[in-house]
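Computed over heavy atoms, backbone and side chain alike; hydrogens, waters and symmetry mates excluded. Each residue takes its place number in the sequence, starting with 1.
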Amino acid sequence: MAPMLHGLMPILATPFDESGALDRPSLRRLVEFQLASGVDGVAVFGMASEGFALTAAERRTILSDVVELVDGRVPVIAGVNGTSTATSIEQSLIAQEGGADALMVLPPFMVKPPAASLVDFYAEVAAATSLSVMVQDAPGVTGVAMAPSLIAELSRLDGVDSVKIEAPPTAPKVGAVVEAIGDADFAVLGGQNAQFCLEEYARGAVGTMPACEFADLLAPVLEQFITGRVDEARAGFRRMLPLVLVGLQGGIAWAVHKEVLVARGIIDHATVRYPAARLDAGSRAAVDLVIEELDLPPLPTAVRV
């Protein structure tokens, strides 16, 4: 049986207005854009969402709006970034109450846990909720490394059904995890803004979770690849690669995602919250050049601008 979490599942940016307040109309259009692009799921409160900068009240509002807009058409995954078992469980239960379908759970990262204790951590979080739990393997963010053997052990926990691999080089890590889990019913997905998504798919990944500004470009590429039209997929991916790469810059990635979304008419403002940084003039010009050279297609008609 295919896992519930698979395919293209972008991490939604969090739109803010010029004052820095949550921009709910832009969030609506952003969700409509994802659905019109044919995504297989959407995620909130991930790194690309500036989840680290959101208040508890904003998280509730965002999840409520997204769940209402999606209306069961695709899974909604809520990021959990607690710094302890207790705070992670608290966030998980709030997400469950808010209608999320699954959780994407970072390990505790303020105090670096030993590998053995991560089994207990994920087991406790999974036991506290009825939602599917995704392990987020993101050592660049957390400083917490997870060996393929550990992820295989986590895959045997009740309720832990998937992993997002963001430990570079991601494609070899995906292959090692797929081999380690064997025939377990456990989904392996890639991250890192889909930079190596085709290589990850070739090594056994069943999905990817990039930022959200190019879902309409990546969806057909993935469809071509999984249906055997590999040359077409690689050509399409090469065309969009500059857009993928420009959104991988540490510190300014959040602003890049939003500048592209503004340029495409999907959200109204590129406002970010500290510690995310705004683009300087040179970086903005580089993003503008990528957009101009890519000659992005018009928005799907289902998106109300």
Could you tabulate the donor-acceptor pairs under 3.5 Å formed by side-chain atoms of residues 103-120, not counting sequence neighbours?
| from | atom 1 | to | atom 2 | distance (Å) |
| --- | --- | --- | --- | --- |
| K112 | NZ | F109 | O | 2.4 |
| K112 | NZ | T142 | O | 3.3 |
| S117 | OG | P114 | O | 2.8 |

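- Inter-residue side-chain proximity for D23 and P25 is flagged as met; some heavy-atom pair is nearer than 4.5 Å.
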Could you walk me through whether T208 and L189 pass the side-chain contact (heavy atoms from CB on, under 4.5 Å) check? CA-CA 5 Å; T208 188; L189 303 105; over 6 Å; no
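- Scored by the side chain to side chain contact (heavy atoms under 4.5 Å, CB included) test, S64 finds no partners at all (sequence neighbours excluded).
- Clustering ILVMFWY residues whenever any of their side-chain heavy atoms sit less than 4.5 angstrom apart, transitively, puts V141 in a cluster other than the one holding F121.
- Note: the hydrophobic cluster containing V260 does not contain V272 (ILVMFWY, side chain heavy atoms under 4.5 Å, direct or indirect links).
- Side chain of T170 to backbone of E166: no donor-acceptor contact under 3.5 angstrom is found.
- The two residues L93 and A128 come nearest to each other via the heavy atoms CD2-O, 3.1 Å.
- Counting only N and O atoms by type, the side chains of Q91 and R59 include a donor and acceptor under 3.5 Å apart.
- Taking all atoms of both residues into account, the shortest heavy-atom contact from Q34 to A215 is OE1-CB, 3.3 Å.
- Pairing each heavy atom of A187 with each of V206, the nearest pair is CB-CG2, 3.8 Å.
- At least one donor-acceptor pair under 3.5 Å links the side chain of R29 to the backbone N or O of I266.
- Counting heavy-atom neighbours within 6.0 Å of F196 CZ, excluding the residue itself, gives a total of 12 or less.
- Within the 4.5 Å cutoff, side-chain heavy atoms of K173 are placed close to those of V177.
- Checked by atom type and distance alone, the side chain of N193 pairs as donor or acceptor with a backbone atom of V244 at under 3.5 Å.
- Residues in residues 269-289 take part in no ring pair (Phe, Tyr, Trp, His ring centres under 6.0 Å) pair, two or more places apart or across chains.
- Taking a 6.0 Å sphere around CZ of R284, one finds it holds more than 12 heavy atoms contributed by other residues, nucleotides or ligands.
- Atom CG of residue D40 and atom OG of residue S37 lie 11.5 Å apart, to the nearest 0.5 angstrom.
- Contact of the L243 side chain with the L241 side chain is not registered, since no non-hydrogen atoms from C-beta on lie closer than 4.5 Å.
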Derivation of the side-chain contact (heavy atoms from CB on, under 4.5 Å) call for M9 and V42: CA-CA 5 Å; M9 298 190 295; V42 294; over 6 Å; no
Trace of the salt bridge (charged side-chain N to carboxylate O under 4.0 Å, His left out) decision for D295 with R239: CA-CA 10 Å; D295 190 22; R239 178 174 176 270; 5.5 Å; no
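- For the pair T87 (side chain) and S84 (backbone), a donor-acceptor distance under 3.5 Å is present.
- Taking S149 as the reference, A147 meet the side chain to side chain contact (heavy atoms under 4.5 Å, CB included) condition, with sequence neighbours excluded.
- The closest side-chain heavy-atom distance from S162 to V188 is not below 4.5 Å.
- Taken from CZ in R238 to CG in L198, the straight-line distance is 10.0 Å, to the nearest 0.5 Å.
- D65 has its side chain out of reach of R28: every pair of non-hydrogen atoms, C-beta onward, lies at least 4.5 Å apart.
- Closest heavy-atom contact between S88 and V125: CB-CG2, 4.1 Å.
- With no hydrogens or angles considered, no side-chain donor-acceptor pair links E124 and T85 at under 3.5 Å.
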Before giving the answer on side-chain contact (heavy atoms from CB on, under 4.5 Å), spell out for I151 and F186 the whole-Å C-alpha distance, their side-chain angles and the decisive distance to 0.1 Å. CA-CA 10 Å; I151 296 173; F186 186 78; 4.1 Å; yes
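- Atom CD1 of I267 is separated from atom CG of L261 by 4.5 Å, given to the nearest 0.5 angstrom.
- With rounding to the nearest 0.5 Å, the separation of CD1 in I165 from CE in M209 is 12.5 Å.
- Between C197 and F225, every side-chain heavy-atom pair lies at or beyond the 4.5 Å cut-off.
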Please output the side-chain donor-acceptor pairs of residues 66-73 that fall under 3.5 Å, not counting sequence neighbours, one pair per line with the distance.
| from | atom 1 | to | atom 2 | distance (Å) |
| --- | --- | --- | --- | --- |
| R73 | NE | V70 | O | 2.9 |
| R73 | NH2 | L69 | O | 2.5 |

Donor-acceptor list for residues 43-58 side chains, cut-off 3.5 Å, not counting sequence neighbours:
| from | atom 1 | to | atom 2 | distance (Å) |
| --- | --- | --- | --- | --- |
| S49 | OG | L12 | O | 2.6 |
| S49 | OG | F45 | N | 3.2 |
| S49 | OG | G46 | N | 3.1 |
| E50 | OE1 | R273 | N | 2.9 |
| E50 | OE2 | K258 | NZ | 2.5 |
| T55 | OG1 | E58 | N | 3.0 |
| T55 | OG1 | E58 | OE1 | 3.3 |
| E58 | OE1 | T55 | N | 2.9 |
| E58 | OE1 | R273 | NH1 | 2.8 |
| E58 | OE2 | R273 | NH1 | 3.3 |
| E58 | OE2 | R273 | NH2 | 2.6 |

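- Between the side chains of Q96 and S130, a donor-acceptor pair is found at a separation under 3.5 Å.
- Linking ILVMFWY side-chain heavy atoms closer than 4.5 Å, directly or via other members, places L245 and L279 in a single hydrophobic cluster.
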Run the side-chain contact (heavy atoms from CB on, under 4.5 Å) test on I11 and C212 for me, step by step, so that the C-alpha distance in whole Å, both residues' side-chain angles and the decisive distance to 0.1 Å come before the verdict. CA-CA 6 Å; I11 311 294; C212 61; over 6 Å; no
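- Contact of the T14 side chain with the L27 side chain is not registered, since no non-hydrogen atoms from C-beta on lie closer than 4.5 Å.
- The backbone N or O of R229 sits nowhere less than 3.5 Å from a side-chain atom of E232 that would complete a donor-acceptor pair.
- Here R24 does not pair with D17 in a salt bridge; the nearest charged N to carboxylate O distance is not below 4.0 Å.
- L218 and I226 fall within a single hydrophobic cluster, where Ile, Leu, Val, Met, Phe, Trp and Tyr side chains are chained together by heavy-atom contacts under 4.5 Å.
- Between S26 and D268, the closest heavy-atom pair is OG-N, 3.1 Å.
- Under 4.0 Å is where a charged nitrogen must lie from a carboxylate oxygen, and between R234 and E199 at least one such pair does.
- Annotation for R278: atom CZ does not count as buried by contact number, only 12 or fewer foreign heavy atoms lying within 6.0 Å.
- Taken from CG in L294 to CG in L217, the straight-line distance is 6.0 Å, to the nearest 0.5 Å.
- The two residues Y122 and Q136 have their closest heavy-atom pair at OH-N, 3.9 Å.
- Note on V262 and F16: same hydrophobic cluster, where clusters join Ile, Leu, Val, Met, Phe, Trp and Tyr whose side-chain heavy atoms are under 4.5 Å apart, directly or indirectly.
- If you take CG on L8 and CD on E223, they are separated by 11.5 Å, rounding to the nearest 0.5 Å.
- For the pair D161/D185, no side-chain contact is recorded, criterion being any heavy-atom separation below 4.5 Å from C-beta on.
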